[in-house]
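Single-structure report; data block below.
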Amino acid sequence: MAQEDIFKKLVAHCKEYGFVFQSSEIYDGLGAVYDYGQLGVELKNNIKKYWWDSMVLLHENVVGLDSAIFMHPTIWKASGHVDAFSDPLIDNKDSKKRYRADVLIEEQLAKIEGKIEKEITKAKKRFGDAFDEQQFRETNPRVLANKKKFDELHTRFAKALNDGDLDELKQIIIDQGIVCPVSGSRNWTDVRQFNLMFATEMGATAEGASTIYLRPETAQGIFVNYLNVQKTGRMKIPFGIAQIGKAFRNEIVARQFIFRMREFEQMEMQFFVRPGTELEWFEKWKETRMNWHRALGFGDENYRFHEHEKLAHYANAAVDVEYKFPFGFKEVEGIHSRTDFDLSQHEEYSGKKIRYFDPELNESYVPFVVETSIGVDRMFLQIISAAYTEEKLEKDSRIVLRIPAPLAPVKLAVLPLVKKDGLPEIARNIINDLKFDFNCQYDEKDSIGKRYRRQDAIGTPFCVTIDHQTIDDNTVTIRYRDTMAQKRVAIEELRGIIDAQVSFKKLFGQA
RNA sequence: GCGGGAAUAGCUCAGUUGAUAGAGCAUUAGCCUUCCAAGCUAAGGGUCGCGGGUUUGAGCCCCGUUUCCCGCUCCA
């Protein structure tokens with residue numbers, strides 16, 4: 001089956017069984033926003049717990065944080081998001097290419113400047129040593145004409161940019177006769193401002209309100225709390241701060257189901273280190289994070305590192321962990337060496353010293369940062385993609401979600417073989433005993449085979465079946481999702497058997 | 001944002017030339033009591049994405065719009 005078909009089935013499966021719904025569906029939906037259903041929320045919570053425990057419980061020097069989504073607007077100036085996340089863009093209708101309007105005009109300016117230089121070069125050749133460039137510039141009519149053009153355009157362009165006048169930017173492009181480098185046509189769309197950050201007003205009255213942004217990443221919440229955590233937690237470098245939380249980006253193109261959403265959730269850890277040691281730590285976290293992924297058992301060959309060739313303004317090393325989705329290898333996690341960029345920026349903008357006094361070196365410095373940043377929703381999609389399996393059996397087929405047992409939304413289903421002879425009562429007793437430890441489901445509807453199929457479809461790793469023998473000797477059959485094998489065990493053994501399989505220790509043991 | 005395709009029951013989809021809205025699965029109740037789906041009976045579930053137009057009459061034709069998918073583009 002084509003990979004694309006599998007993906008479509010996956011999306012349908014997620015809806016049909018209550019994992020993921022489109023947001024506001026009864027109102028025709030809201031683009032690139034999704035809700036997690038009754039099973040989706042369980043899986044998502046388990047993913048977050050797997051990450052949190054592996055970071056905060058397993059590392060003595062990593063602590064947690066939960067910072068607010070609203071933050072002081074200057075933070076986004078310091079981080080570079082205000083500038084980097086907003087561009088005036090224009091499309092050429094013939095070539096379908098998109099350009100930054102300001103870049104097109106800058107190129108036009110450079111072109112005019114080029115003409116002037118050409119005149120000068122020509123003149124230089126002609127006059128030889130006697131050439132007076134200064135005089136030539138001031139007197140040559142062609143140079144003066146171009147200079148005038150340049151100055152006029154530059155003034156007009158600068159004013160339009162400062163005023164944020166998009167219509168004027170388009171008018172400049174039209175007036176200058178700027179053509180698309182690909183199609184050579186002047187068939188342009190309007191200039192539009194794309195700001196990737198969502199803005200809102202804080203303050204009760206219009207005059208007193210100020211624009212604040214919904215955070216486009218959770219990392220800054222960690223950086224601005226660096227001093228608080230370091231001091232109150234008596235943290236010694238190297239140490240890390242972990243956080244799980246929502247972030248918001250007004251994506252121009254958001255697609256591929258929950259892979260790219262406008263509201264999404266990140267699991268980030270910022271690790272503060274001594275300058276000069278950041279690349280060692282970068283390598284260490286690369287390895288640690290890859291092991292975390294591989295421990296899920298979806299096949300090492302389905303993961304790879306993707307080194308960034310073009311680094312962001314803040315980084316001196318960056319790598320993605322990519323997973324082989326049905327639509328190709330895609331990023332699920334980024335590991336970045338962010339240098340001291342963020343903390344230094346916050347020092348500058350806030351005017352506060354953000355330093356660490358290193359007792360070993362007997363000096364203080366701005367720590368360097370190694371970041372691991374993973375999308376919860378991408379991880380969710382990764383697990384569902386990897387787990388979704390259509391199996392041909394001898395006489396029929398089944399759809400089974402091979403979700404690792406510790407992450408499975410429902411851990412066990414308890415099924416009376418028939419709904420009489422006291423079997424349902426025994427089943428209820430077992431659930432009452434185990435429900436504090438595991439997410440349990442009860443089901444007595446339809447044939448036993450059908451009930452097994454239903455549990456397979458939502459990834460329940462264990463089914464416990466009560467039959468007439470149970471009445472005699474207190475034993476039940478436990479049926480395993482992946483192998484469909486069954487084993488007869490005593491009711492008292494259930495907790496131990498299941499616990500051994502669904503505990504995170506099982507995953508951590510391999511990580 | 002541009003181009004192409006799509007939208008009918010919870011899911012997958014039929015629906016002829018414009019004339020009473022359908023199937024399979026799923027769901028619910030009952031029967032049957034059986035360790036790997038698809039046994040029997042019955043029931044519920046639809047403003048055919050939304051808005052307008054053409055027409056005696058629109059799920060079907062036309063226009064707009066929203067959402068999703070594919071390609072391009074973009075992507076700390």
Side-chain angles (χ1 to χ4, degrees), chain A residues 4-5 7-9 11-18 21-34 76 79-81 83-85 87 89-100 182 187 189-192 194 196-197 215-220 247 249 251-257 259-260 266 268 308 310-315 318 327 330-331 334 336 338 341-342 371 373 391 393-400 415-421 423 444-457 463-469 476-479 481 484-486 488:
Chain A
E4 191 184 302
D5 294 335
F7 189 61
K8 276 185 181 161
K9 285 190 174 185
V11 174
H13 193 85
C14 280
K15 183 182 178 191
E16 187 170 358
Y17 288 92
F21 306 123
Q22 198 191 357
S23 164
S24 318
E25 202 185 359
I26 63 170
Y27 288 96
D28 282 340
L30 190 61
V33 184
Y34 290 89
W76 304 113
S79 70
H81 283 88
D83 294 330
F85 266 36
D87 298 316
L89 298 179
I90 190 167
D91 292 298
N92 183 272
K93 289 180 186 169
D94 297 314
S95 65
K96 316 295 178 205
K97 296 287 174 193
R98 168 169 293 166
Y99 302 93
R100 280 177 55 175
V182 174
N187 192 6
T189 63
D190 286 343
V191 176
R192 289 162 308 242
F194 287 91
L196 276 304
M197 283 196 291
R215 63 184 178 195
E217 64 172 26
T218 54
Q220 299 304 325
R249 287 182 202 173
E251 299 283 355
I252 303 164
V253 183
R255 238 186 258 167
Q256 274 158 337
F257 196 40
F259 187 79
R260 180 165 298 145
Q266 293 182 309
E268 292 199 321
H308 285 214
K310 210 175 71 185
L311 293 171
H313 56 280
Y314 52 70
F327 43 91
K330 295 281 179 187
E331 174 189 357
H336 301 142
R338 293 182 76 129
F341 176 83
D342 298 278
E371 165 190 82
S373 173
E391 270 185 10
L393 304 175
E394 273 181 38
K395 288 205 163 174
D396 55 17
S397 63
R398 66 169 184 160
I399 290 173
V400 50
L415 317 168
L417 190 59
V418 295
K419 55 181 166 189
K420 60 177 188 182
D421 303 334
L423 302 189
E444 61 175 27
K445 176 81 181 153
D446 297 312
S447 75
I448 191 70
K450 195 159 193 171
R451 282 178 271 169
Y452 288 152
R453 290 292 187 281
R454 269 206 286 267
Q455 295 301 328
D456 288 342
C463 290
V464 169
T465 304
I466 289 75
D467 57 19
H468 290 92
Q469 192 185 329
V476 294
T477 55
I478 184 163
R479 178 260 193 193
R481 176 193 67 198
M484 296 171 63
Q486 295 185 55
R488 189 134 205 125

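Letters A, B, ... are given to chains in the order of the sequence lines, protein chains preceding strands, and every chain is numbered from 1. Since this is a predicted model, take the numbers as computed values, not measurements.
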When the C1' atoms of B:C60 and B:G15 are compared, how many Å lie between them, rounded to an integer? 9 Å
Have a look at A:H13 and say if it touches a base, only the backbone sugar-phosphate, or nothing, with a 4.0 Å heavy-atom cut-off. nothing
In 5'-to-3' order, the base (B), backbone-only (S) or no-contact (-) status of each nucleotide in nucleotides 33-39 of chain B, using a 4.0 angstrom heavy-atom cut-off, is B-BBBB-
Using the P atom on both, measure B:U56 against B:G24 and round to a whole Å. 38 Å
Return the 5'-most residue of the pair A:L30, A:Q266 with respect to RNA chain B, ranking by each residue's nearest nucleotide. A:L30
Can you give me the N/O atom pairs linking the protein to nucleotides 41-46 of chain B at distances under 3.5 Å, or say none if there are none?
none

Residues which pass side chain to side chain donor-acceptor pair (under 3.5 Å) with A:K15, listed by chain and number, not counting sequence neighbours: A:E25
Side chain to side chain contact (heavy atoms under 4.5 Å, CB included) against A:T465, all qualifying residues, sequence neighbours excluded: A:L415, A:L417, A:I448, A:Y452, A:T477
Measure the distance from CZ on A:R260 to P on B:C74 and round it to the nearest whole Å. 12 Å
Between A:R451 and A:D456, is there a salt bridge with N-O shorter than 4.0 Å? no
Would you check if the side chain of A:E268 reaches a backbone N or O of A:S373 as a donor-acceptor pair within less than 3.5 Å? no
Just how far, in rounded Å, is P of B:C75 from CZ of A:F259? 15 Å
Contact nearer the 5' end of RNA chain B, comparing A:H336 with A:Y34: A:Y34
Please give, in whole Å, the distance from B:U47 P to A:I26 CD1? 12 Å
What pairs with A:S23 under side chain to side chain contact (heavy atoms under 4.5 Å, CB included), at least two apart in sequence or on another chain? A:L30, A:V33, A:D35
Mind checking which stems touch RNA chain B? I mean at least 3 consecutive Watson-Crick or G-U pairs, both distances under 3.5 Å. B:1-7 with B:66-72, B:10-13 with B:22-25, B:27-31 with B:39-43, B:49-53 with B:61-65
For A:A318, give me all partners under side chain to side chain contact (heavy atoms under 4.5 Å, CB included), at least two apart in sequence or on another chain. A:H308, A:L311, A:H336
Find the distance between CZ (A:F341) and OG (A:S79) and round it off to the nearest 0.5 Å. 7.5 Å
What is the separation between atom NZ on A:K9 and atom C1' on B:C69, rounded to the nearest whole Å? 16 Å
Atom CG of A:D446 and atom P of B:C32 are separated, to the nearest Å, by 15 Å
Between B:C32 and B:C68 - C1' atom distance, rounded Å: 43 Å
Indicate yes or no: at least one non-hydrogen side-chain atom of A:R479 is less than 4.5 angstrom from one of A:Q455. no
Measure from CZ on A:R249 to C1' on B:C75 and round the result to the nearest Å. 9 Å
Is A:Q22 near enough to B:U67 that one of its side-chain N or O atoms lies under 4.0 angstrom from OP1 or OP2? no
Those residues that, when tested against A:R453, pass side chain to side chain donor-acceptor pair (under 3.5 Å) (two or more places apart): A:D396
Between B:G49 and B:A14, how far is it from one P atom to the other, in whole Å? 14 Å
For atom P, what is the distance between B:U41 and B:C36, given to the nearest Å? 25 Å
Residues two or more places apart in sequence or in another chain: which of them pass side chain to side chain contact (heavy atoms under 4.5 Å, CB included) with A:A457? A:H13, A:Y17
I'd like the C1' distance from B:A38 over to B:A26, given in whole Å. 12 Å
Using modelled atom types and a 3.5 Å cut-off, is there a donor and acceptor pairing between side-chain atoms of A:D421 and backbone atoms of A:L423? no
Provide the distance between the two C1' atoms, one in B:U28 and one in B:G10, to the nearest whole Å. 13 Å
Please give, in whole Å, the distance from B:C74 P to A:E331 CD? 17 Å
Suppose you measure atom P in B:U8 against the same atom in B:C61; what distance do you get, rounded to whole Å? 15 Å
Does a side-chain heavy-atom distance below 4.5 Å link A:Q266 with A:E217? yes
Shorter than 3.5 Å, N or O on both sides, protein versus nucleotides 10-14 of chain B: list them out with atom names.
| from | atom 1 | to | atom 2 | distance (Å) |
| --- | --- | --- | --- | --- |
| B:C11 | OP1 | A:K15 | NZ | 2.4 |
| B:C11 | O2' | A:E16 | OE1 | 3.4 |

Taking side chain as C-beta onward, heavy atoms only, is A:R260 less than 4.5 Å from A:R249? no
Does A:R481 have any side chain to side chain donor-acceptor pair (under 3.5 Å) partners at least two apart in sequence or in another chain, and if so, which? none
Taking only residues two or more places apart in sequence or in another chain, which ones pass side chain to side chain donor-acceptor pair (under 3.5 Å) with A:Q22? none
